[in-house]
Enquirer: 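Got a structure for you, written out below as structure tokens; questions coming shortly.
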Amino acid sequence: MTKFSDLNLNPKVLKAIEEAGYETPTPIQAGAIPPALEGRDVLGIAQTGTGKTAGFTLPMLSLLSRGRARARMPRSLVLCPTRELAAQVAENFDTYSKHLKLTKALLIGGVSFKEQDKLIDKGVDVLIATPGRLLDHFERGKLLLTGVQIMVVDEADRMLDMGFIPDIERIFSLTPFTRQTLFFSATMAPEIERITNTFLSAPARVEVARQATASETIEQGVVMIKATRRDRADSEKRAVLRALIDGEGEACTNAIVFCNRKIDVDVVAKSLKKNGYDAAPIHGDLDQSQRTRTLDQFRAGDLKILVASDVAARGLDVPAVSHVFNYDVPSHAEDYVHRIGRTGRAGRSGKAMMICNPRDEKNFAAIEALLQKEIPRLDSPVQSAGSDTPVEAEAEDKPAKPSRSRSRTVSRKKADAPQEAPVEVQAETPPETPKAEPKPQAKPQDKSQDKPQDRGQERNQGRGRSGDSGRSGAGRGGDQGNKVVGMGDHMPSFIALSFDERRVG
DNA sequence: AAAAAAC
């Protein structure tokens, strides 16, 4: 079996890999690293969780280990669709470059330009960015991309979903023709195919998804509910969620609850907290410092339940989530696959449970069609929801309550489910000897537990305070460095298929 | 119909 030491990586990079506890590359790493080191373009088709971040980080660092950056002219560029993803990639660079003298900058929105400008001015070897902020810097004349020797596009299919493709094309056109391009996508949509044909030259194509075996480690289920009264629909749904969580008991070590809308993320998180659960929200309207803090806590095991919009559905490297709860049925069937893909990773078992209202049944059917598989129906964990309680006629007359449901409606009613919340936060210790990539145990570095005050729904609060969230690496201790969670052959088979394949059958 | 990402 191939070892990292067989791959011709720079010795100092190799040393950092060993110190991080890794020995054997995942399939995508074994496939992508050699051609990348030869200077070839690489087209990597792989899901998150397959170790692709290290698949481009390691060869890049090796290639960049010689030479020095000039002011405002980064030597390499990594583009990511979300801020969190970019921050993760940056952590990877920190981990593996600790014995090299390379500089990097993280250019993401939501934080001030100042720090970022300073770094760029000094010259960086590695620039990690989300497209919007990168172009912003460029337009202000602060940045030249003509020195880029290596460019990485990460999660290209997600970039496509988010409408970033024009930006990506523009950025491509700002970099030299001679650059090396490493391009990663989970699927090959026609539009992605077009981009790769245009901007990659004779790429080495590395595809790992297909090799996955059929072992399904994600246990799925759905609860069909029907509100007993329309004006109670939301609170009843939250009660069902709590009952589902309670029903899992100790088995639920940490979980992500997905909602379709940001407002519901806030409401559900707040309701859970109020009921004694250790939960916090994350979505794009929260300011960046809070997003970062919440995610860090969740990773460190200091937060048990992350209530999230689809900002967290893909790409986030959250290790070993035991449960995913779909509070809402996602309206794009693809999103379901990405959401539940947050659990059952790295060979661990995972459970994904969803709540489905009558009005969601169409979307639900689309999911089952995509999966080509029936999702087992679970009995409602709450007695009255969905049962035969007669519907009050008055519910009809009442003007629908304005969407903001006051929290007093939340906790009162169906408290039949045992209320003792699973407060016991059990930071699960991962097994120590995964074959592909061991998982360094994350150490909380700051315990500051401010309670996320998630009221703010004002628009435009994107610009957080400066000075956080750029975890620019200094002082990250050695072995706690960041992981690429390996999984190799423990992926449910349907995840391994492209969406087209799933549709076709 | 919603979320994400630039100010």
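First the proteins, then the strands, lettered A, B, ... as listed; each starts at 1.
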Enquirer: Among B:dA6, B:dA4, B:dA2, find the nucleotide with the atom closest to the side chain of A:T82.
Expert: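 Nearest to the side chain of A:T82 among the choices is B:dA4.
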
Enquirer: Starting at CG of A:D310 and ending at P of B:dA2, how long is that distance when rounded to a whole Å?
Expert: 13 Å

Enquirer: Can you check whether A:R291 has a side-chain N or O nearer than 4.0 Å to OP1 or OP2 of B:dA5?
Expert: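 Indeed, a polar side-chain atom of A:R291 lies that close.
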
Enquirer: Identify whether any heavy atom of A:F113 sits under 4.0 Å from a base atom; if not, whether one sits that close to sugar-phosphate; answer base, sugar-phosphate or nothing.
Expert: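 Answer is sugar-phosphate: A:F113 comes under 4.0 Å of backbone atoms only.
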
Enquirer: Are the side chains of A:M353 and A:E248 in touch, meaning some heavy atoms are under 4.5 Å apart?
Expert: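 A side-chain contact under 4.5 Å exists here.
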
Enquirer: Using whole Å, what does the distance between atom P of nucleotide B:dA3 and atom CD1 of A:I282 come to?
Expert: 15 Å

Enquirer: Using atom CD of A:E155 as one end and atom C1' of B:dA3 as the other, report the distance to the nearest whole Å.
Expert: 15 Å

Enquirer: Rounded to the Å, how far apart are A:L134 CG and B:dA5 P?
Expert: 15 Å

Enquirer: Below 4.0 angstrom, N of the basic side chain to O of the carboxylate: do A:D125 and A:K104 qualify?
Expert: no

Enquirer: When you get a sec, tell me which of B:dA6, B:dA2, B:dA4 is the closest nucleotide to the side chain of A:S309?
Expert: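 When the side chain of A:S309 is considered, B:dA4 is the closest of B:dA6, B:dA2, B:dA4.
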
Enquirer: May I have the distance from A:R261 (atom CZ) to B:dA2 (atom P), rounded to whole angstrom?
Expert: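 Answer to the nearest Å: 7 Å.
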
Enquirer: Quick one: label A:S331 by what it contacts on the DNA or RNA (base, sugar-phosphate, nothing), any heavy atom closer than 4.0 Å.
Expert: base

Enquirer: Once you round it to whole Å, what is the distance between C1' of B:dA2 and CG of A:N363?
Expert: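 That distance rounds to 12 Å.
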
Enquirer: Could I get the full list of salt bridge (charged side-chain N to carboxylate O under 4.0 Å, His left out) partners for A:E139, not counting sequence neighbours?
Expert: A:R170

Enquirer: Do A:F325 and A:H323 make the cut of ring centroids closer than 6.0 angstrom?
Expert: yes

Enquirer: For residues 355-368 of chain A, which side-chain donor-acceptor pairs fall under 3.5 Å, sequence neighbours excluded?
Expert:
{"residue": "A:D360", "atom": "OD2", "partner": "A:N357", "partner atom": "N", "Å": "3.2"}
{"residue": "A:E368", "atom": "OE2", "partner": "A:I375", "partner atom": "N", "Å": "2.7"}
{"residue": "A:E368", "atom": "OE2", "partner": "A:R377", "partner atom": "NH1", "Å": "2.7"}

Enquirer: CZ of A:R140 versus C1' of B:dA6: gap in Å, rounded?
Expert: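 Computing the A:R140:CZ to B:dA6:C1' distance gives 11 Å.
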
Enquirer: Report the distance from atom CG of A:D161 to atom P of B:dA1, rounded to the nearest whole Å.
Expert: 18 Å

Enquirer: Just to be sure I understand the rule, does A:P81 reach a base, reach only the sugar-phosphate, or reach nothing, if contact means heavy atoms closer than 4.0 Å?
Expert: sugar-phosphate

Enquirer: Strictly below 4.0 Å: does A:T130 bring a side-chain N or O up to OP1 or OP2 of B:dA4?
Expert: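 For B:dA4, OP1/OP2 do not have a side-chain N/O of A:T130 under 4.0 Å.
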
Enquirer: Has the side chain of A:H283 got a donor or acceptor that lies under 3.5 Å from a partner of the other kind on the base of B:dA2?
Expert: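 A donor-acceptor contact between them is absent.
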
